[in-house]
**Q** 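What follows is a structure written as structure tokens; I'll ask about it next.
The structure presented is a predicted model; accordingly, all values stated were derived computationally and were not measured.
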Amino acid sequence: AKMLEKANIIHNKLSAQNFEWYGNCYYDFKNDKIMLGLTKISDSNKETVLSYTRNTAVEFYQCDYSYQYLEELYNKLDKNRVILYLFGADRFNISIGKNKVNVHLTNDNKYIAIYMANKIDTIGGAIIFNSNTNTTDSGG
């Protein structure tokens with residue numbers, strides 16, 4: 001629980017900075033590590049991150065999307081919530097560990113909702129669609 005709390009604190013500090021290269025920070029229970037995803041891994045970015053970690057050991061890895069982009073995507077989905085709901089997307093959230101946005105569908109054949117959400121994702125591939133029967137990555 002202590003490492004999970006540290007990972008959450010680090011994530012909150014870094015996401016508040018709106019670094020365009022910061023992707024995510026989460027605790028990997030299986031490997032007992034705090035994982036820190038960056039879209040651009042450089043010595044400068046690592047140094048900046050380490051100034052926020054307070055001597056907590058972290059492992060860096062390359063991720064695809066900045067947290068800033070995921071928040072923007074989530075906000076765009078939220079602005080279209082009523083229309084998406086009418087076409088079968090009943091909820092969505094940011095998955096920090098997966099570095100994507102989850103869109104839950106009422107069932108896996110809600111193609112208009114999938115199409116509309118993918119149009120909102122201007123980079124492409126940042127959405128995972130799931131329903132009670134299926135989970136699919138939107139690709140990229």
**Q** Measure the spacing between CD1 of Ile34 and CE of Met3 and express it to the nearest 0.5 Å.
**A**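 One gets 4.0 Å once the value is rounded to the nearest 0.5 Å.
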**Q** Taking atom types as modelled and ignoring hydrogens, do the side chains of Asn99 and Tyr26 form a donor-acceptor contact shorter than 3.5 angstrom?
**A**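 Result is no, nothing qualifies.
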**Q** To the nearest 0.5 Å, how far apart are CD1 in Ile94 and CG in Asn75?
**A**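 If we round to the nearest 0.5 Å, Ile94:CD1 and Asn75:CG are 7.5 Å apart.
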**Q** Would you check, one step at a time, whether the test side chain to side chain donor-acceptor pair (under 3.5 Å) holds for Asp121 with Tyr69?
**A** CA-CA 9 Å; Asp121 178 9; Tyr69 177 74; 2.5 Å; yes
**Q** Is the number of heavy atoms from other residues, nucleotides or ligands under 6.0 Å of Phe60 CZ greater than 12?
**A**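 Count over threshold, so yes.
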**Q** Under the side chain to side chain contact (heavy atoms under 4.5 Å, CB included) criterion, do Phe92 and Ile127 qualify, and how do the steps go?
**A** CA-CA 10 Å; Phe92 40 88; Ile127 297 175; over 6 Å; no
**Q** What distance separates Asn93 CG from Leu70 CG, expressed to the nearest 0.5 Å?
**A**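 One gets 11.0 Å once the value is rounded to the nearest 0.5 Å.
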**Q** On the 0 to 90° scale, with breaks at 30° and 60°, tag the Tyr22-His11 ring pair as parallel, tilted or perpendicular.
**A**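 Because their plane-to-plane angle lies in the 30° to 60° range, the rings of Tyr22 and His11 count as tilted.
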**Q** From Asp64 CG over to Thr39 OG1, what is the distance, rounded to the nearest 0.5 angstrom?
**A**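 Between Asp64 CG and Thr39 OG1, I get 9.5 Å after rounding to 0.5 Å.
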**Q** Please determine whether the number of non-hydrogen atoms from other residues, nucleotides or ligands lying under 6.0 Å from atom CG of Asp43 exceeds 12.
**A**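 Counting neighbours around CG of Asp43, 12 or fewer heavy atoms of other residues, nucleotides or ligands fall under 6.0 Å, so no.
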**Q** CG/Asn24 to NZ/Lys98 distance, rounded to the nearest 0.5 angstrom?
**A**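 Going from the CG atom of Asn24 to the NZ atom of Lys98 covers 12.5 Å.
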**Q** Does Phe19 share a hydrophobic cluster with Val58, counting links as ILVMFWY side-chain heavy atoms below 4.5 Å and allowing steps through other members?
**A**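 Same cluster: Phe19 reaches Val58 through Ile, Leu, Val, Met, Phe, Trp or Tyr contacts under 4.5 Å.
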**Q** Looking at Gln62, I want to see if its CD is surrounded by more than 12 non-hydrogen atoms of other residues, nucleotides or ligands under 6.0 Å.
**A**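 Counting neighbours around CD of Gln62, more than 12 heavy atoms of other residues, nucleotides or ligands fall under 6.0 Å, so yes.
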**Q** Can you confirm whether more than 12 heavy atoms, excluding those of Gln17, are under 6.0 Å from its CD atom?
**A**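 Yes, because the 6.0 Å sphere around CD of Gln17 holds more than 12 heavy atoms from other groups.
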**Q** Can you label the angle between the Phe29 ring and the Tyr27 ring as parallel, tilted or perpendicular, going by 30° and 60°?
**A**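 If you compare the ring of Phe29 with that of Tyr27, the planes turn out perpendicular.
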**Q** So, taking the atom named CE in Met35 and the one named CD1 in Ile96, what distance separates them when rounded to the nearest 0.5 Å?
**A**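 Rounded to the nearest 0.5 Å, the CE-CD1 separation comes out at 14.5 Å.
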**Q** Search all heavy atoms of Asn18 against all heavy atoms of Glu71 and return the closest pair with its distance.
**A**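 Asn18 and Glu71 have their closest heavy atoms at OD1-OE1, 4.2 Å.
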